[in-house]
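Data block below; observations after.
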Amino acid sequence: MASPRTVTIVALSFALGLFFVFMGTIKLTPRLSKDAYSEMKRAYKSYAKALPGLKKIGISSVLLRKIIGSLEVGCGVVLTLVPGRPKDVANFLLLLVMLAVLFFHQLVGDPLKRYAHALVFGILLTCRLLIARQSEDRPEREDSREEQQINDQEKNKVKQS
């Protein structure tokens with residue numbers, strides 16, 4: 001049977017992956033929801049206006065929205081379908097995107113209800129990453145403990161003889 005850590009990581013990966021595929025798709029196309037798509041367009045226009053440095057380097061509101069939407073879809077697919085280390089990389093990239101989104105919301109002065117989802121999903125991404133990293137570190141510690149016990153037993157045998 002799978003360990004609780006494994007179940008937690010798989011469940012978080014799948015749920016977060018689907019959420020980010022959905023949200024990224026809303027940023028990229030009006031097919032899922034025309035209202036949500038137009039709201040995203042409006043929001044990213046305000047973000048681009050608040051950061052004039054983006055315009056100077058050639059990043060328009062449309063490009064910014066498409067970059068973030070594409071990152072969300074790509075990383076969401078990786079979290080949902082790809083096994084192994086790439087999930088952690090996708091998790092980290094999405095965490096950076098969530099930090100950027102929180103920064104954008106704060107920059108334009110949005111109320112908490114407009115960016116609460118970014119806080120919640122940022123926390124979930126952090127938890128998933130910490131759990132995934134913890135499960136990798138633990139077997140090494142157990143192996144080193146076992147080796148230490150074997151070494152201590154061998155020393156005791158040598159002292160007794």
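The figures here come from the full heavy-atom set of this structure, side chains too, leaving out hydrogens, waters and symmetry mates. In this text the structure is predicted, and so the values were computed from the model without any measurement.
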Check: Tyr44 main-chain N/O paired with Arg65 side-chain donor or acceptor under 3.5 Å: no

Are any of the side-chain heavy atoms of [X] and [Y] separated by less than 4.5 Å?
X     : Y     : answer
Val97 : Leu93 : no
Ser70 : Leu28 : yes
Val21 : Glu72 : no
Ile68 : Leu64 : yes
Leu94 : Leu16 : no
Tyr47 : Leu51 : no

Trace of the side-chain contact (heavy atoms from CB on, under 4.5 Å) decision for Asp88 with Arg128: CA-CA 9 Å; Asp88 291 344; Arg128 191 222 160 267; 3.1 Å; yes

Return each pair, listed once, that meets ring-ring contact (aromatic ring centres under 6.0 Å, His included) where at least one residue sits in residues 3-38; pairs must be two or more places apart or across chains. Phe19-Phe121

With sequence neighbours left out, which residue pairs that include part of residues 63-89 fulfil the ring-ring contact (aromatic ring centres under 6.0 Å, His included) condition? none

Determine, step by step, whether His105 and Val101 satisfy the side-chain contact (heavy atoms from CB on, under 4.5 Å) criterion, reporting the C-alpha distance in whole Å, the side-chain angles of both residues, the deciding distance to 0.1 Å, and the verdict. CA-CA 6 Å; His105 282 292; Val101 167; 3.4 Å; yes

Do the charged groups of Lys34 and Glu39 touch, with an N to O distance under 4.0 Å? no

Sequence neighbours left out, what passes salt bridge (Lys or Arg N to Asp or Glu O under 4.0 Å) with Arg31? Give chain and number order. none

